[in-house]
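Note that the coordinates shown come from a computational prediction; the quantities given were computed from them, not determined experimentally. Excluded from the calculations below are hydrogen atoms, water molecules and symmetry mates; all remaining heavy atoms, backbone and side chain alike, are included.
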Amino acid sequence: METVVRKVQQRVRKAREEMERWDDLNARLLTQFSNAAIIIGRLPVLGDAKNYGVLRCVPNIREDLLGKQMESLELIFVSMRATLEEFSGLAKGFSKALRNTKQMLRGESALTAKQMQLQVGILPTIADCLDGLQKLSDMHQAEYAVKSSIISLLTWKSSSSDLAAMRQLIVDQPNIPKDEVQSIFDIIFADEIC
């Protein structure tokens, strides 16, 4: 039984490593979002001819500057969609890890419900590990859905209050509460903590 628990712990350990990649992607998405928000905030100022003063005499300055900013914004949107694809891959990876773990356990001479709840020393139960993997998978699927919605709603017409709210959602990651994640890892890796 201990060997089975160790195998499941190893799969959870890999999921924990993927969470580090998730955090790196979130930092990248936040930077991309902040850059987009800066450009979006600049567009109304650049669109108003009275803001050009003596530069109004330069032919097409307003159109050229707006065009360059829109080009930059579009490139940022493209890179944000690429980052979202990476989030999607990670979210699917959590689901796959859960599915593969369940399949592995089915192959382990059909464990009974009682065996799934059996605790050996301070090792977690197999049920604890599966429950933790399920929660991690659900959290990341839900958070991916939020990020995807945020990026799909982001346009060059987004208001500053909308941008602030969207940015805060990216920062907070409300579907991945840090204390709950830590609690999951504390249970699954209790033998490593002691």
Measure from the side-chain N and O atoms of Gln117 to the backbone N and O of Ala127, and report whether any donor-acceptor pair falls under 3.5 Å. no

Decide yes or no on side-chain contact (heavy atoms from CB on, under 4.5 Å) for Gln103 and Asn100, but give the supporting numbers first. CA-CA 5 Å; Gln103 285 176 339; Asn100 290 345; 3.6 Å; yes

Closest contact, heavy atoms only, Ala36 versus Met80: CB-SD, 4.4 Å

Under a 4.5 Å side-chain heavy-atom rule over Ile, Leu, Val, Met, Phe, Trp and Tyr, are Met166 and Trp156 clustered together? yes

Identify the heavy atoms of Gln173 and Glu143 that sit nearest to each other, and give their distance. CA-OE2, 3.2 Å

Any donor-acceptor pair under 3.5 Å linking the side chain of Gln119 with the backbone of Leu123? yes

Between the CE atom in Met19 and the CZ atom in Phe94, the distance rounded to the nearest 0.5 Å is 6.0 Å

Cluster question for you: counting only ILVMFWY and a side-chain heavy-atom cut-off of under 4.5 Å, with indirect links fine, are Val8 and Val120 together? yes

To the closest 0.5 Å, what do you measure between CZ (Phe189) and CZ (Arg13)? 4.5 Å

Go through it in stages, so that I can follow the logic: the residues are Ile184 and Met139, the test is side-chain contact (heavy atoms from CB on, under 4.5 Å), and I'd like the CA-CA distance, side-chain angles, deciding distance and then a yes or no. CA-CA 12 Å; Ile184 291 168; Met139 286 177 189; 4.0 Å; yes

For the atom pair CD1 (Ile126) and CG (Asp131), what is the distance rounded to the nearest 0.5 Å? 13.5 Å

Answer yes or no: is there an ion pair linking Arg16 with Glu20, defined by an N-O contact shorter than 4.0 Å? no

As a quick check of understanding, evaluate side-chain contact (heavy atoms from CB on, under 4.5 Å) for Leu98 and Lys102, giving each step before the final call. CA-CA 6 Å; Leu98 177 63; Lys102 286 179 178 179; 3.9 Å; yes

Between Lys14 and Glu17, is there a salt bridge with N-O shorter than 4.0 Å? no

Quick one: are Gln168 and Val171 in side-chain contact, heavy atoms under 4.5 Å? yes

Report the distance from atom CZ of Arg42 to atom OG of Ser72, rounding to the nearest 0.5 Å. 8.5 Å

Roughly how far, to the nearest 0.5 Å, is the OG1 atom of Thr83 from the CD atom of Gln32? 3.5 Å

Worked verdict on Leu30 versus Arg167 for side-chain contact (heavy atoms from CB on, under 4.5 Å): CA-CA 7 Å; Leu30 187 56; Arg167 183 186 185 286; 3.8 Å; yes

What residues form a salt bridge (charged side-chain N to carboxylate O under 4.0 Å, His left out) with Glu71, not counting sequence neighbours? none

Residues Arg6, Asp191: salt bridge by 4.0 Å N-O rule: yes

Going from OG on Ser34 to CD1 on Ile39, what distance comes out if it is rounded to the nearest 0.5 angstrom? 11.5 Å

Above 12 or not: heavy atoms from other molecules or residues under 6.0 Å from CZ of Arg62? yes

Is Leu154 close to Leu163 at the side-chain level, that is, under 4.5 Å between some pair of heavy atoms? yes

Would Val78 end up clustered with Leu43 when hydrophobic side chains under 4.5 Å apart are linked, directly or stepwise? no

Closest contact, heavy atoms only, Leu153 versus Ser158: O-OG, 3.8 Å

ILVMFWY cluster, Ile187 and Leu136 together (side-chain gap under 4.5 Å): no

For Glu180, all residues meeting salt bridge (charged side-chain N to carboxylate O under 4.0 Å, His left out), sequence neighbours excluded: none

Indicate yes or no for a side-chain donor-acceptor contact from Ser149 to the backbone of Ala145 under 3.5 Å, with no hydrogens or angles considered. yes

On a heavy-atom basis, the closest approach of Leu46 and Tyr52 is O-OH, 2.5 Å

How close do Gly41 and Pro44 get, heavy atom to heavy atom, and via which atoms? O-CD, 3.4 Å

Smallest heavy-atom separation, Lys147 atom then Asn26 atom, equals NZ-OD1, 2.6 Å

Determine whether a donor-acceptor pair (N or O, by modelled atom type, separation under 3.5 Å) exists between the side chain of Asp48 and the backbone of Lys50. yes

Would the distance check show the side chain of Tyr144 and the main-chain N or O of Glu85 forming a donor-acceptor pair, the cut-off being under 3.5 Å? no

Only residue of Ile150, Ile151, Leu25 satisfying side-chain contact (heavy atoms from CB on, under 4.5 Å) with Leu84 is Ile151

Applying a strict under-4.5 Å side-chain criterion to I, L, V, M, F, W and Y, I'd like to know whether Val181 and Leu133 cluster together. yes

Decide, yes or no, whether a salt bridge links Arg28 with Asp24 under the criterion of side-chain N to carboxylate O below 4.0 Å. no

Which residue pairs satisfy the ring pair (Phe, Tyr, Trp, His ring centres under 6.0 Å) criterion with at least one member in residues 18-43, sequence neighbours excluded? Trp22-Phe87, Trp22-His140

